[in-house]
Amino acid sequence: MVKNAEIAKILYELAMLYEMKGVPFKPRALERASETIDSLARDVADIYKKGGVKELQKIPGVGLGIAEKIEEYLKSGHVKEYENMKKKFPVDIAGLSSIEGVGPKHIAFLYEKLKIKTVSDLERAAKAGKLRGLPRMGEKLEAKILKGIAFKHEGGGRFGIGEVLPLARSLKARLSKIPGVETIEIAGSIRRWQETIGDLDFLVISESPEIITNAFSKIPEVDHVYAKGPTKVMVRLKTGIDADLIVLPKKSFGAALQYFTGSKDHNVEVRKLAVKKGWSLNEHGLTKGKKVIASETEKEIYKKLGMPQVPPPEIRLNKGEIEAALASKLPHLIEYGDLKGDLQIQTSWTDGKNSIEEMAREAERLGYEYIAITDHTRSLAMTGGADEKKLERQMAEIEKINAKFKKQNSKLTILKGAEVNIMKNGSLDIDDKTLAKLDVVGAAVHSLFNLSREEQTARIIKAMENPNVDIIFHPTGRIINKRKPYEVDMEKIIKAAKRTKTILEIDAHPWRLDLKDEHIRMAREAGVKMVIDTDAHSVPEMHYLEYGIAQARRAWCEKKDIINTLPLKEFLKALKQFDFLTVVYTIL
DNA sequence: GCCGTTTTCGGCCCGACTGTTTTCAGTCG
């Protein structure tokens, strides 16, 4: 999948380069293809191997032109067109454009006028007040850019889990094929499913450590090696993230896994328990003097320390899990296979890439009982948001597809839904009569992110009070490492959710992960029900549920807290606007 | 550069908001 990311990046930068030149339409096409390839579940190299350029063209958004660029890259490692254009603008396009408020046009004349190539060049120029002289740039924009840069820095060089996990998994699969590797595990913050990841930690069991460390330091993804010994290598990968690999004998694997999984706070507490018993715990084992008490599995170690239950990695944060494990009172967390449906799905009716039927077929393959189609509505103009008429047409279309699926003995039900926009005053951009006909109505904020805390909170609560609104989608609006959540009083929102029986969404899209764990925990404790949705805009994105489940697990959620663990009938009953006729109709 | 129940050519990329400006360029969703 490494190639996918590289190709996606080139296509993205190519899109920006054309945008810088003011070429119409082309950039959007390139960007679309870039996004699709980035989230593709299959390796482009494999697709190409299977059927060449023709097969590549089956990827949505990829036509002859882009397929040929991909071919060129796979064969030669270069894309000429890209490199020629890059000569004119030898700048860090991806880095600069990731700063809020900086777009392609800015990047173009920042380079032309001030020779700005990197984010740090930009920061220096902005601090020196050099931007304000440029056309259409003033003090405010300068300040905005500095704020954007500061926010990016706050990320502390951490990467979103959605960027890192696929890379870690593909590396794991490859490394496991090195002769001599008995077992390989990913530890660290990835194993704990933290929202952002600082580096990758691979643990390997092998009797021939040096073969493994040598092989690892030479894989093509490695940019440079910081340090390398017989059992440990530390490298910087080309994607910019650091990775450590440690080789161990089988007998100390559990201790190492426990140690390298963390979190630091959790480990400190666990070690205290060992000390209390006169023992010591480190990455090699739980020991009393020279005698090893436990080391091969995590389970033994926790058990010897008085914990009959092993705290799942997701909750190892020293937030009560150790006490609960000691008392055998850990909750039975929601499992990764517990969800029966996905309730936020966009299709080609608006800004999604696949048709209703394509999304539904994938849902069947995933074994779901139901999905809700929730395309954008009117006021989100860029997506071709639906008005009442379009929604009516879509409802009719869904009925047709449901009938077809039923004939084929499918167990899947497609629910009619929408992702409606909450307007400034809390009203919705679709009339109530139409909303009442939908099975699932999600409401969301897509504009005016900078309202005051009071206004924003009141606006959302007003929407929750509409009896047709079942769910609030991505309730805080954040994009990880990119956009802060809007100001909103979550305590009030949670109270209102309880009062109005509105469901809160855990948006599983790895860019969003919204609600975040603390808010999920608050909602759970208040008895507010939640759903976990992918916010998928394409078939591969439907696989994102696991990120949301991890998010819920980190907040100690059980099956009962998440209503899309319920079978269809019960699920519909759990919705606010439950209406007997709707259910009968849907099931028939 | 992509795409097709309006099309194999001619559409697609719309509207709000911001910050810069005296009429609009650039960004974002």
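No experiment lies behind these values; they were computed from the predicted model shown.
One C1' atom belongs to B/dC2, the other to B/dT7, and the distance between them is 13 Å to the nearest Å. A gap of 26 Å separates the C1' atoms of B/dC14 and B/dT8, to the nearest Å. Only the P atoms considered, B/dC12 is 24 Å distant from B/dC17, to the nearest whole Å. For the C1' atoms, the distance linking B/dT6 with B/dG11 amounts to 10 Å, nearest Å. Atom P of B/dG1 sits at a distance of 23 Å from the matching atom of B/dT5, rounded to the whole Å. When the P atom is compared between B/dG4 and B/dC13, the two are found 13 Å apart, to the nearest whole Å. When the C1' atom is used for both B/dT21 and B/dG26, the distance is 13 Å, rounded to whole Å. On the P atoms, B/dT23 is 22 Å away from B/dT18, given to the nearest whole Å.
Comparing A/Val23 and A/Lys69 along DNA chain B, the residue whose closest nucleotide (by nearest heavy atom) sits nearer the 5' end is A/Lys69. With the nearest nucleotide of DNA chain B identified for both A/Leu134 and A/Ser97, A/Leu134 has the one nearer the 5' end.
Protein atom CG of A/Leu131 is 13 Å distant from nucleotide atom P of B/dT27, rounded to whole Å. A/His446 places its NE2 atom 15 Å from the P atom of B/dC17, with the value rounded to the nearest Å. Rounded to an integer number of Å, the gap from A/Gln346 CD to B/dG29 P is 15 Å. For the pair A/Phe473 CZ and B/dG29 C1', the interatomic distance rounds to 17 Å; values are reported in whole Å. Per the geometry, NE2 belonging to A/His106 stands 15 Å off P belonging to B/dT18, to the nearest Å. Atom CG of A/Asp429 is separated from atom P of B/dC14 by 18 Å (rounded to the nearest Å). Look at NZ on A/Lys26: it is 7 Å from C1' on B/dG1, rounded to the nearest Å. Separating the CZ atom of A/Arg132 from the C1' atom of B/dT21 is a distance of 17 Å, rounded to the nearest angstrom.
Cation-pi check for A/Arg453 over A/Tyr486 is not met; the charged atom does not lie both under 6.0 angstrom from the ring centroid and within 45 degrees of its normal. Annotation: cation-pi geometry not satisfied between A/Lys87 and A/Phe89 (NZ/CZ under 6.0 angstrom from ring centroid, within 45° of ring axis).
Among the protein residues, A/Pro60 comes within range of the sugar-phosphate backbone only, with heavy atoms under 4.0 Å from sugar or phosphate atoms but none that close to a base. Among the atoms of the strands shown, none is found under 4.0 Å from any heavy atom of A/Gln57.
Comparing B/dC28, B/dG1, B/dT20 by their closest approach to the side chain of A/Leu141 singles out B/dT20. Minimum atom distance to the side chain of A/Arg136 is reached by B/dT20, of the listed B/dC2, B/dT20, B/dC28. Taking every side-chain heavy atom of A/Glu81 into account, B/dG1 is the closest of B/dG29, B/dG26, B/dG1. Residue A/Phe449 places its side chain closer to B/dG29 than to any other of B/dG29, B/dC2, B/dT20. Between B/dC24, B/dG26, B/dC17, one nucleotide has an atom nearer to the side chain of A/Leu448 than all others, and that is B/dC17.
Once the 5.5 Å centre distance and the 30° plane angle are applied, the aromatic ring of A/Phe25 is found stacked with the base of B/dC12.
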Item to complete: Start with the C-alpha gap between A/Glu419 and A/Thr377, add the side-chain angles, then the distance that decides, and say whether side chain to side chain contact (heavy atoms under 4.5 Å, CB included) holds.
Response: CA-CA 6 Å; A/Glu419 177 178 10; A/Thr377 50; over 6 Å; no
Item to complete: Evaluate the side chain to side chain contact (heavy atoms under 4.5 Å, CB included) criterion for residues A/His543 and A/Leu366: first the C-alpha distance (whole Å), next the side-chain angles of each, then the deciding distance (0.1 Å), finally the verdict.
Response: CA-CA 9 Å; A/His543 296 249; A/Leu366 291 165; 4.1 Å; yes
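Contact between the side-chain N/O atoms of A/Asn450 and the OP1/OP2 oxygens of B/dT18 is found at a separation under 4.0 Å.
Considering all non-hydrogen atoms of both residues, A/Asp351 and A/His376 come closest at OD1-CD2, 3.1 Å.
Under the Watson-Crick and G-U wobble criteria, each requiring two contacts below 3.5 Å, nucleotide B/dG11 is paired to B/dC2.
No donor-acceptor contact under 3.5 angstrom links the side chains of A/Tyr12 and A/Glu31, judged on distance only.
Residue A/Glu392 holds its CD atom at 8.5 Å from CG of A/Leu438, rounded to the nearest 0.5 Å.
At a cut-off of 3.5 angstrom, counting only N and O atoms as typed in the model, there is no donor on one side facing an acceptor on the other between the side-chain of A/Arg28 and the base of B/dC2.
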